[in-house]
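Have a look at the structure below, then the notes.
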Amino acid sequence: MNQLVCSAPFAAAVILISAGGSVFLTYATANGSVNTANSTNGAAIHRRWRDPYVAEWSNGRGGTLVIESSTIRFGKDKKVPYTDITRVTNGREFNLQLTFEGKLNYLTEFVHISFGDGDKTDEMKMTLYNSRKDMDKAENSQGEATWYRDK
């Protein structure tokens, strides 16, 4: 059995890979609770632990949002590359910077994503900003939407 130990400012994690290929992730949070998840795909575990926003989303009004590991697409618009510029996170808040040329219909250059308390990663709030300074200060937002996980 292989073992990899990871640590972050607010969490510690152990990933165990069994001979059968199953992956088990056990991690402790800052408040002392211990959580365990398993998967036959180690990348899926990593994504849920580190990048819970990577998924297909809908807004309940027919709008769709697809966030992959390096691109984001609103509706039928073209995919746009982004960089996760999150400095420190509690696992529920993330900052993305979209890198594109020209103008997009909905998205702005800076996007703040937040999830509810606990493991409620099936609903996310997205707030749009034109500058990093505005995003860091949570001022002058250009829009806000709630998205629900499809897949």
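Note that the structure is predicted; figures quoted are calculated from it, not measured.
Phe74 and Trp147 have perpendicular rings, their planes meeting at more than 60° on a 0 to 90° scale where under 30° would count as parallel.
Under the 4.5 Å side-chain criterion, counting only non-hydrogen atoms from C-beta, Ser114 is not in contact with Phe94.
When atom types are taken as modelled, the side chain of Thr108 and the backbone of Asn130 share no donor-acceptor pair closer than 3.5 angstrom.
For the atom pair OG1 of Thr86 and CG of Asn95, the computed distance is 5.0 Å after rounding to the nearest 0.5 Å. Here the CZ atom belonging to Arg132 is positioned 13.5 Å from the NZ atom belonging to Lys137, to the nearest 0.5 angstrom. The CD1 atom of Ile67 lies 6.5 Å from the CG atom of Leu96; values are rounded to the nearest 0.5 Å. Atom NZ of Lys78 and atom CZ of Arg73 lie 13.0 Å apart (nearest 0.5 Å). With values rounded to the nearest 0.5 angstrom, Leu107 atom CG is found 6.5 Å from Leu65 atom CG. For the atom pair CG of Asp136 and CZ of Arg87, the computed distance is 5.0 Å after rounding to the nearest 0.5 Å.
With hydrophobic clusters built from ILVMFWY side chains whose heavy atoms lie under 4.5 angstrom apart, Ile85 does not share a cluster with Val111.
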* Run the side-chain contact (heavy atoms from CB on, under 4.5 Å) check on Val80 and Thr99 step by step: do they pass? -> CA-CA 7 Å; Val80 176; Thr99 54; 5.6 Å; no
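When all heavy atoms are compared, the tightest approach of Arg92 to Asn90 is N-OD1, 2.8 Å. Scanning both residues, Pro52 and Gly91, for their nearest heavy atoms gives CG-O, 4.2 Å. Closest of all the heavy-atom pairs between Met124 and Phe115 is CB-CE2, 3.4 Å.
Of the residues listed (Tyr82, Phe110, Tyr129), the one engaging Gln97 in a side-chain contact (heavy atoms from CB on, under 4.5 Å) is Phe110, and it is the only one.
Remark: Arg61 pairs with Asn59 by the side chain to side chain contact (heavy atoms under 4.5 Å, CB included) rule, at least two apart or across chains. Partners of Thr146 by side chain to side chain contact (heavy atoms under 4.5 Å, CB included), not counting sequence neighbours, listed by chain and number: Glu123, Tyr148.
Using a 4.0 Å cut-off between a side-chain N of Lys or Arg and a carboxylate O of Asp or Glu, Arg149 and Glu56 do not qualify as a salt bridge.
There is a side-chain donor-acceptor pair under 3.5 Å between Thr71 and Glu68. For the 3.5 Å distance criterion, the side chains of Asp84 and Tyr53 qualify, holding a donor opposite an acceptor.
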